[in-house]
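Before anything else, here's the structure in question.
So you know, we letter chains A, B, ... as the sequences are listed, proteins then strands, and number each from 1.
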Amino acid sequence: MNSTENTSASSANFIREIIDADLTAGKHQQIVTRFPPEPNGYLHIGHAKSICINHGIARDYRGRFHLRFDDTNPTKEDTEYVESIMEDVRWLGAEWGDNLFFASDYFEQLYAWAVHLIEHGKAYVDDLTAEQMRQTRGSLTEPGTDSPWRNRSVAENLDLFARMRSGEFANGAKVLRAKIDMGHPNLNMRDPVLYRIAHAHHHRTGDAWCIYPMYDFAHGQSDAIEGITHSICTLEFEAHRPLYDWFLQNLPVPAQPRQIEFARLNLTYTVMSKRKLLQLVQEKHVNGWDDPRMPTISGLRRRGYTPEAIREFCDRIGVSKRENVIDLGLLEFCLRQDLEEKAIRRMVVLDPLKVVITNFSDATEWYPGPNHPSNEAMGERKVPLTREIFIERDDFMETPVKGFFRLFPGNEVRLRYACYITCTDVIKAPDGSIVELHATFDPESRGASSPDNRKVKGTIHWVSAKESLPIQVRLYDNLFHSETPDEAPEGKTFLDNINHDSLQVITAYAEPALADATLAERFQFERKGYFCLDKDTASEGLIFNRTTTLRDSWSKQQKK
RNA sequence: UGCCCGAUGGUGUAAUGGCAGCACAACAGGUUCUGACCCUGUUUGUCUAGGUUCAAAUCCUAGUCGGGCAGCCA
């Protein structure tokens, strides 16, 4: 059972080493992990990292994975978030089975444990205001001072705490604090607040409570109740670990979970804090939590990312305690790797330039093309060729630069799957802009190869002008033009780093077969990128999101 | 200024006293009915200074730099 040989791709990391050591020491029969979101926002790619770590460990060690909502602050939480979080975790493939929990389910037990602390002289009701408490907490360099209410009798504390629960006091009038050490070098140990009064409606417990436990008083004990063996969280909770352990040692809890911290994920060209993401949504810099430019799970999903790509990414970035900023390029690499295999190939012209094949009849000829270049099982479809077609405007250059081997006057290229054409004329508007091209095709090249096997360097995609389908395409770019949007100069904020050209909506022309697209499918518009149908399609006609572009060594070379 | 944590190519991550490896990126080539995919090759690294040791990325000491902590948020 204590298998350290992982069958999956997940690699060893310092957390797994700790678990291996604990197993070797005989501390556990089974490993139990959990993902503990607060339902106050949507999940993002950083949460995916945590989910993958926790779920991956439970899977590889044949243990259990719990989904537990840390819902101890009714003023910020909502069932809308509970639902979106469950959908996202499930979509990522982290199954929790019957192990769905809520910290609010433990409120009664937590209350009993608070009473236990009071009875043992380890907690007291304090009448200090929030402001007074801040002033007496001391500073980073100076110790705090004891509250004048610190030495109330057990009986008085018991009475007061019961009255706090019964609703006798107003918000903020009193709190329950642990009696630890106001001079402790770790600020979290300076008599931390355990319970605060909040006459607020809770999304699950309704109006049953008007006092709510703080995170510190709820988290570790919830872990203990569920038998969590390793409570994995991010670095900012490191300073809370002594307190986490203090509760476990001073309360009759059924287990002794171990907290382990790792560094959260940071990605270039994006922000990851819940507060900032919420701000982007509320101030309408994006169109909701699932805007395809958002790093939220729902945004990535709508953009066309796959759970497999995200999981592969989380696996590759590793786990450590070191601050990190991962190159967005790695996420895109994982995406392309997955989509290359899954995407159905289609031809779509995003920026059309009309070409008249002057020696072509008025008939429509249908040519077969595979749905995938190396997976025959994906089948094929037929593409209609007519006398007038559209090609990509940038696949033509009147005066070609060095190295350009697509269409230019006198040059022959292959129309993918169809035939060879040679450009004969360039038709221009009075202002000099190119409005149309004339070309001739080689009848011998039908099927996209010729009997003489002559070399045709360029192959371009195209659609029939007559038989194509206009579709709306949404082209996305990074939401921020800065690699590190959080780093704004004096007087500026991350909002000043927003890329205002991150969304471009165009009309493109697609081959007829694309009309059958479904939400579940992924497409590669050949030579242009990966795309997927957007959910808006239902009401407005076919709408596609560009998930990401293809690697493009030509344009990269041109920029030099 | 107190306590805690961290530091390996451009980025991320291995090496757990014994040849600094892998991936992404970059660069150069090959292949190609996608300038995609795929294949081959190249460049780039142990924060600094001492110490322990036959041997240090790894252990010790000091420093430097980066991060976290003073919510009745999580």
Aromatic F102(A) / basic R204(A) pairing, under 6.0 angstrom, 45° off normal: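 The answer is yes; both the distance and angle limits are met.
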*asked:* Does R345(A) reach a base, just sugar-phosphate, or nothing at all? Heavy atoms under 4.0 Å.
replied: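 Base contact.
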**Request:** Looking at every strand, decide which applies to A239(A) at a 4.0 Å heavy-atom threshold: base, sugar-phosphate, or nothing.
**Result:**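 Counting heavy atoms under 4.0 Å across all strands, no contact is made by A239(A).
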ask   = Say you pick atom C1' in U64(B) and the same atom in U48(B); how far apart are they, in whole Å?
value =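 Pairwise C1' distance, U64(B) against U48(B), rounds to 7 Å.
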**Asked** With sugar-phosphate meaning primed atoms plus P, OP1 and OP2, does Y417(A) contact a base, only sugar-phosphate, or nothing at under 4.0 Å between heavy atoms?
**Response**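 Y417(A): base contact, heavy atoms under 4.0 Å.
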message = Using atom C1' in both nucleotides, what's the gap between G9(B) and C69(B) to the nearest angstrom?
response =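 Those two atoms are separated by 33 Å.
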Original post:
Taking 4.0 angstrom as the limit, do E380(A) and R346(A) come out as a salt bridge?
Top reply: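 Looking at E380(A) and R346(A), the cut-off is not met.
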Please report the distance separating the P of A23(B) from the corresponding atom of G41(B), rounded so that it comes out in whole Å.
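Between the two P atoms, the distance is 11 Å.
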* Does a side-chain N-to-carboxylate-O contact under 4.0 Å join K342(A) and E308(A)? ->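 E308(A) and K342(A): salt-bridged.
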ask   = When all nucleic acid strands are considered with a 4.0 Å heavy-atom cut-off, which category describes L330(A): base, sugar-phosphate, or nothing?
value =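 Sugar-phosphate, no base atom in range.
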Row check, W209(A) ring normal vs R165(A) NZ/CZ: under 6.0 Å, within 45°: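 Yes, a cation-pi geometry.
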ask   = With sugar-phosphate meaning primed atoms plus P, OP1 and OP2, does T72(A) contact a base, only sugar-phosphate, or nothing at under 4.0 Å between heavy atoms?
value =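 The residue T72(A) makes sugar-phosphate contact but no base contact.
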* **C24(B) to C37(B) separation - P atoms, rounded to the nearest Å** =>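 Per the computed distance, 11 Å lies between those P atoms.
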- Query: Which is true for D552(A) with a 4.0 Å heavy-atom rule: it touches a base, it touches only sugar-phosphate, or it touches nothing?
  - Reply: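 Sugar-phosphate: the residue D552(A), judged by heavy atoms under 4.0 Å, touches backbone atoms but no base.
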* Shortest side-chain distance from R137(A), nucleotide among G2(B), C73(B), C72(B) ->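 Of all the options, the side chain of R137(A) is nearest to C72(B).
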Inset, instruction - Quick one: label V456(A) by what it contacts on the DNA or RNA (base, sugar-phosphate, nothing), any heavy atom closer than 4.0 Å. - result: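 No contact.
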Of G172(A) and K528(A), the one whose closest RNA chain B nucleotide lies more 5' =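 This one resolves to K528(A).
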Using the P atom on both, measure C72(B) against G67(B) and round to a whole Å.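 Rounded to whole Å, the distance is 25 Å.
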TODO: Quick one: label R416(A) by what it contacts on the DNA or RNA (base, sugar-phosphate, nothing), any heavy atom closer than 4.0 Å.
DONE: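 Base contact.
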For L194(A), answer base if it contacts any base atom (sugar-phosphate contacts may also be present), sugar-phosphate if it contacts only those atoms, and nothing otherwise; contact means non-hydrogen atoms under 4.0 Å.
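No contact at all - L194(A) keeps every heavy atom at 4.0 Å or more from the nucleic acid.
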Indicate yes or no: does E365(A) engage R446(A) in a salt bridge with an N to O separation below 4.0 Å.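 Answer for the salt bridge query: yes.
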Would you mind classifying the nucleic acid contact of I317(A) as base, sugar-phosphate or nothing, using non-hydrogen atoms under 4.0 angstrom?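 Contact class for I317(A): sugar-phosphate only.
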* Could you work out the separation of U11(B) and A25(B) based on their P atoms and round it to a whole Å? =>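 So the two P atoms sit 16 Å from each other.
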Q: Provide, to the nearest angstrom, the distance between the OH atom belonging to Y81(A) and the P atom belonging to A74(B).
A: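 Rounded to whole Å, this separation is 16 Å.
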query: Glycosidic conformation of G71(B), syn or anti, with 90° from 0 as the boundary?
result: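 Classified syn.
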**Message:** Just checking E341(A): does its CD atom have more than 12 heavy atoms from other residues, nucleotides or ligands closer to it than 6.0 angstrom?
**Reply:**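 Counting neighbours around CD of E341(A), 12 or fewer heavy atoms of other residues, nucleotides or ligands fall under 6.0 Å, so no.
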Review point. Between the side-chain atoms of R406(A) and the base atoms of G35(B), is any donor-acceptor pair under 3.5 Å?
Key: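 Side chain to base: pair present.
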Original post:
Base, sugar-phosphate, or nothing for N186(A), non-hydrogen atoms under 4.0 angstrom?
Top reply: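 N186(A): no heavy atom of the nucleic acid under 4.0 Å.
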Point to revise | Among A74(B), C37(B), G2(B), the nucleotide that comes nearest once only the side chain of L187(A) is considered | key: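 Ranking A74(B), C37(B), G2(B) by closest atom to the L187(A) side chain puts G2(B) first.
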Is any NZ, NE, NH1 or NH2 atom of the basic residue among R381(A) and E511(A) found under 4.0 Å from an Asp or Glu carboxylate oxygen of the other?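 E511(A) and R381(A): salt-bridged.
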Practice problem: Answer yes or no: is there a donor N or O on one side and an acceptor on the other, between the side chain of H202(A) and the main chain of C210(A), under 3.5 Å? | Solution: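 No, the answer is negative, given that no donor and acceptor are paired below the 3.5 Å cut-off.
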Answer with base, sugar-phosphate or nothing: what part of the nucleic acid does S139(A) contact at a heavy-atom distance below 4.0 Å?
->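 Base, at least one base atom sits under 4.0 Å.
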Task: Is_stacked (Y215(A), A74(B)) at 5.5 Å, 30 deg - done: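 Y215(A) vs A74(B): stacking no.
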Below 4.0 angstrom, which residues in residues 366-374 of chain A have at least one non-hydrogen atom near RNA chain B?
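Within this stretch, P373(A) sit under 4.0 Å of the strand.
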Which residue lies toward the 5' end of RNA chain B, K457(A) or L140(A), if each is placed at its nearest nucleotide?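 Checking each residue's closest nucleotide, the 5'-ward one belongs to L140(A).
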Closest approach to the side chain of N13(A), judged atom by atom: which nucleotide of G35(B), C3(B), A14(B) is it?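 Out of G35(B), C3(B), A14(B), the nucleotide with an atom closest to N13(A)'s side chain is A14(B).
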Which one, C5(B), A70(B), C33(B), comes nearest to the side chain of E238(A)?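 Of C5(B), A70(B), C33(B), C5(B) is nearest to the side chain of E238(A).
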Indicate, yes or no, whether a donor-acceptor pair under 3.5 Å links the base of A36(B) to the side chain of H461(A).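 Such a pair does not exist between side chain and base.
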- Message: Taking donor-acceptor contacts at under 3.5 Å, does the side chain of Q524(A) reach the base of U34(B)?
- Response: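 Result: at least one qualifying N/O pair found.
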**OP:** Examine A36(B): is either OP1 or OP2 under 4.0 Å from a nitrogen or oxygen in the side chain of S553(A)? Give yes or no.
**Re:**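 Yes, within the criterion.
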Test of ring centre spacing under 6.0 Å for Y509(A) and F390(A):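 Centroid distance Y509(A)-F390(A): below 6.0 Å, so yes.
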request  = Describe the nucleic acid contact of V193(A) in one word from base, sugar-phosphate, nothing, applying a heavy-atom distance below 4.0 Å.
outcome  =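 Sugar-phosphate, no base atom in range.
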Does a side-chain N-to-carboxylate-O contact under 4.0 Å join R241(A) and E261(A)?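 Salt bridge flag = yes for E261(A) with R241(A).
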Gap in Å between the two C1' atoms, one belonging to A15(B) and one to A57(B), rounded: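 It comes out at 8 Å once rounded to the nearest Å.
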Item to complete: Take atom P in G6(B) and the same atom in C47(B), then report the distance between them in whole Å.
Response: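 Comparing P positions in G6(B) and C47(B) gives a spacing of 14 Å.
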Go through it in stages, so that I can follow the logic: the residues are H372(A) and R345(A), the test is side chain to side chain donor-acceptor pair (under 3.5 Å), and I'd like the CA-CA distance, side-chain angles, deciding distance and then a yes or no.
CA-CA 6 Å; H372(A) 191 281; R345(A) 311 299 145 120; 3.0 Å; yes
**OP:** Determine the stems involving RNA chain B; a stem requires 3 or more consecutive pairs of the Watson-Crick or G-U wobble kind, each with both distances below 3.5 Å, and the answer is none if no such run exists.
**Re:**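 Paired runs of 3+ in RNA chain B: B:2-7 with B:64-69, B:10-13 with B:21-24, B:26-30 with B:38-42, B:47-51 with B:59-63.
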Check: Pick from D338(A), T306(A), I344(A): which one makes a side-chain contact (heavy atoms from CB on, under 4.5 Å) with R522(A)?
Finding: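 With R522(A) as partner, side-chain contact (heavy atoms from CB on, under 4.5 Å) holds for just one option, T306(A).
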| task | Just call it for Y195(A): base, sugar-phosphate, or nothing, with non-hydrogen atoms closer than 4.0 Å on any strand. | result |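 Touches nothing.
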